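Written below as structure tokens is the structure these notes are about.
Each chain gets a letter, A, B and so on, in the order the sequences are listed, and its residues count up from 1. Computed from a predicted model, the values in this text were never measured in an experiment.
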2 protein chains.
Amino acid sequence: MNERPFHHGNLRAVLLDEAATVVRETGVDGLSLRDLARRAGVSHGAPRSHFADRQALLDALAVLGFERLTAAVRRALGTEGDLSVRFRAVARAYVDFAIDDAALMDLMFQAKTSGRAGSVPAAAGTLFGVLDDAMGPRVGAVDQEARDLFKLLFAATMQGIAALVASRRTDREQGYRLVDAATETMLGSELRERAVSDA
Amino acid sequence: MNERPFHHGNLRAVLLDEAATVVRETGVDGLSLRDLARRAGVSHGAPRSHFADRQALLDALAVLGFERLTAAVRRALGTEGDLSVRFRAVARAYVDFAIDDAALMDLMFQAKTSGRAGSVPAAAGTLFGVLDDAMGPRVGAVDQEARDLFKLLFAATMQGIAALVASRRTDREQGYRLVDAATETMLGSELRERAVSDA
DNA sequence: ACCTGAACACCGTTCAAGT
DNA sequence: ACCTGAACACCGTTCAAGT
């Protein structure tokens with residue numbers, strides 16, 4: 001009678017939790033719905049009640065990843081300091097995430113994933129919005145086009161560095177150095193002057 | 001008697017060719033060894049004579065991708081012009097490749113792929129070497145650490161932009177604008193002054 | 001609403017056997 | 001050396017049936 005209600009009401013959460021572990025340990029390829037069901041102690045058909053197919057589960061996983069990364073970025077933006085310090089903190093959050101959850105990072109930023117219409121692009125959009133906020137208020141004077149370009153370039157650079165580190169082509173320390181170099185370079189650029197109102 | 005010797009001597013090449021098409025059209029997930037064998041008109045066990053397992057075929061595919069990208073980068077470096085023009089050309093080659101072969105690009109730069117020891121990291125290394133050459137001769141005076149940092153940052157930025165475009169989060173035109181902004185920013189940076197001998 | 005369990009079609013991989 | 005074809009274990013997905 002003391003058996004925890006493993007599969008009553010929270011099967012979805014249990015499956016996602018287990019899936020996150022499997023992905024971290026063995027990569028996305030190592031993840032099977034049947035194995036997940038086995039781990040959760042339910043029949044192999046049960047996951048179907050919560051996810052239309054395997055890709056739907058992967059999408060949900062990616063969304064959770066974006067939410068976690070967004071939270072980490074938000075935390076980083078709370079750092080005391082000027083734009084340079086805060087951007088650096090954001091960039092490090094990216095790198096740390098990429099290292100601790102390399103396979104999930106891949107899943108989140110893969111071309112495949114965002115081919116779909118639904119929730120994954122939305123979650124990615126939220127992350128982007130936070131980055132936008134980090135650039136300070138949009139005053140009418142700033143060049144909106146430059147602002148978008150700057151934001152995209154920042155995101156692309158961070159993701160590129162993160163991917164580099166995640167793929168072990170370089171290590172965490174070098175990743176941090178890259179992050180520092182990138183923020184320094186970008187913040188000292190002419191583009192930034194046009195994009196961001198305050199300094 | 002006029003039947004082409006489809007599966008005599010060049011099965012390996014045929015399989016890789018077919019695989020490249022499938023990956024482009026349906027992504028890596030849509031690729032199965034048995035289907036490939038079917039397309040080549042051989043039994044499902046035949047591919048085993050050329051590839052130890054599915055991952056070995058994917059690795060070979062990634063290597064071919066790196067070779068093609070390396071060739072494109074080499075071509076771009078042949079462009080007439082100063083460092084700025086040539087870097088921009090390289091960056092555009094990256095973006096074009098990412099658009100035309102988004103799934104292959106993913107495969108090449110995925111964390112998973114480079115976990116392996118063998119030929120994939122080597123092919124990636126060759127691409128890196130070409131980028132290094134693009135920065136001009138190493139004269140003793142330049143800061144080697146700055147040079148490595150600059151090179152990595154350039155590669156990371158290009159790959160980040162390429163990934164952004166490949167995932168359709170932005171379009172080709174915006175990708176080109178990002179490339180221009182990135183090269184301009186990086187070439188005008190203090191890091192570049194320390195990293196590259198000539199201007 | 002959620003889960004079970006049989007069924008189906010498809011895989012990757014192994015391996016003895018052929019040529 | 002290269003390919004065939006049976007065999008095995010494992011999948012994703014569907015669906016009628018249970019509660």
Pair R147(B), Q144(B) - check side chain to side chain donor-acceptor pair (under 3.5 Å), show working.
CA-CA 5 Å; R147(B) 188 186 171 92; Q144(B) 182 61 38; 4.6 Å; no
Please report, rounded to the nearest Å, how far the [atom2] atom of [N] is from the [atom1] atom of [X].
{"X": "R39(A)", "N": "dC11(D)", "atom1": "CZ", "atom2": "P", "result": "11 Å"}
{"X": "R38(B)", "N": "dT4(D)", "atom1": "CZ", "atom2": "P", "result": "14 Å"}
{"X": "H44(B)", "N": "dC15(C)", "atom1": "NE2", "atom2": "P", "result": "14 Å"}
{"X": "D29(A)", "N": "dC11(D)", "atom1": "CG", "atom2": "C1'", "result": "13 Å"}
{"X": "R12(A)", "N": "dC2(C)", "atom1": "CZ", "atom2": "C1'", "result": "14 Å"}
{"X": "L57(A)", "N": "dT13(D)", "atom1": "CG", "atom2": "P", "result": "10 Å"}
{"X": "L33(A)", "N": "dC3(C)", "atom1": "CG", "atom2": "C1'", "result": "15 Å"}
{"X": "F51(B)", "N": "dC2(D)", "atom1": "CZ", "atom2": "P", "result": "12 Å"}

Flag the pair L31(A) / L57(A) as yes when at least one side-chain heavy-atom distance between them is below 4.5 Å, and no otherwise.
yes
When you measure from the side chain of T26(B) to the backbone of V23(B), do you find a donor-acceptor pair of N or O atoms at a distance under 3.5 Å?
no
Find which nucleotide of DNA chain D each of G45(A) and D35(A) is nearest to by heavy atoms, and output the residue with the more 5' nucleotide.
D35(A)
In short, D53(B) meets L33(B) closest at the heavy-atom pair C-CD1, 4.3 Å
May I ask you to check whether F154(A) and F128(A) place their ring centres under 6.0 Å from each other?
no
Classify the ring geometry of F87(B) against F150(B): parallel below 30°, tilted from 30° to 60°, perpendicular beyond 60°.
tilted
Any S43(A) side-chain nitrogen or oxygen under 4.0 Å from OP1 or OP2 of dT4(C):
yes
Considering only dC11(C), dC3(D), dC11(D), which nucleotide approaches the side chain of S32(B) most closely?
dC11(C)
Between dT4(D), dT13(D), dC11(C), which nucleotide gets closest to the side-chain atoms of R34(A)?
dT13(D)
Give the stems involving DNA chain C, where a stem is 3 or more consecutive Watson-Crick or G-U wobble pairs (i with j, i+1 with j-1, and so on) under 3.5 Å.
C:4-8 with D:12-16, C:12-16 with D:4-8
Contact class for S49(A) (heavy atom, under 4.0 Å): base, sugar-phosphate, or nothing?
base
Does any donor-acceptor pair link the side chain of R48(B) with the base of dT4(D) at a separation under 3.5 Å?
no
Check this for me: does the side-chain of H50(A) come within 3.5 Å of the base of dA1(C) through a donor and an acceptor?
no
Taking the six-membered ring of Y176(B), is the NZ or CZ of R92(B) close enough (under 6.0 Å from the centre) and on axis enough (within 45°)?
yes
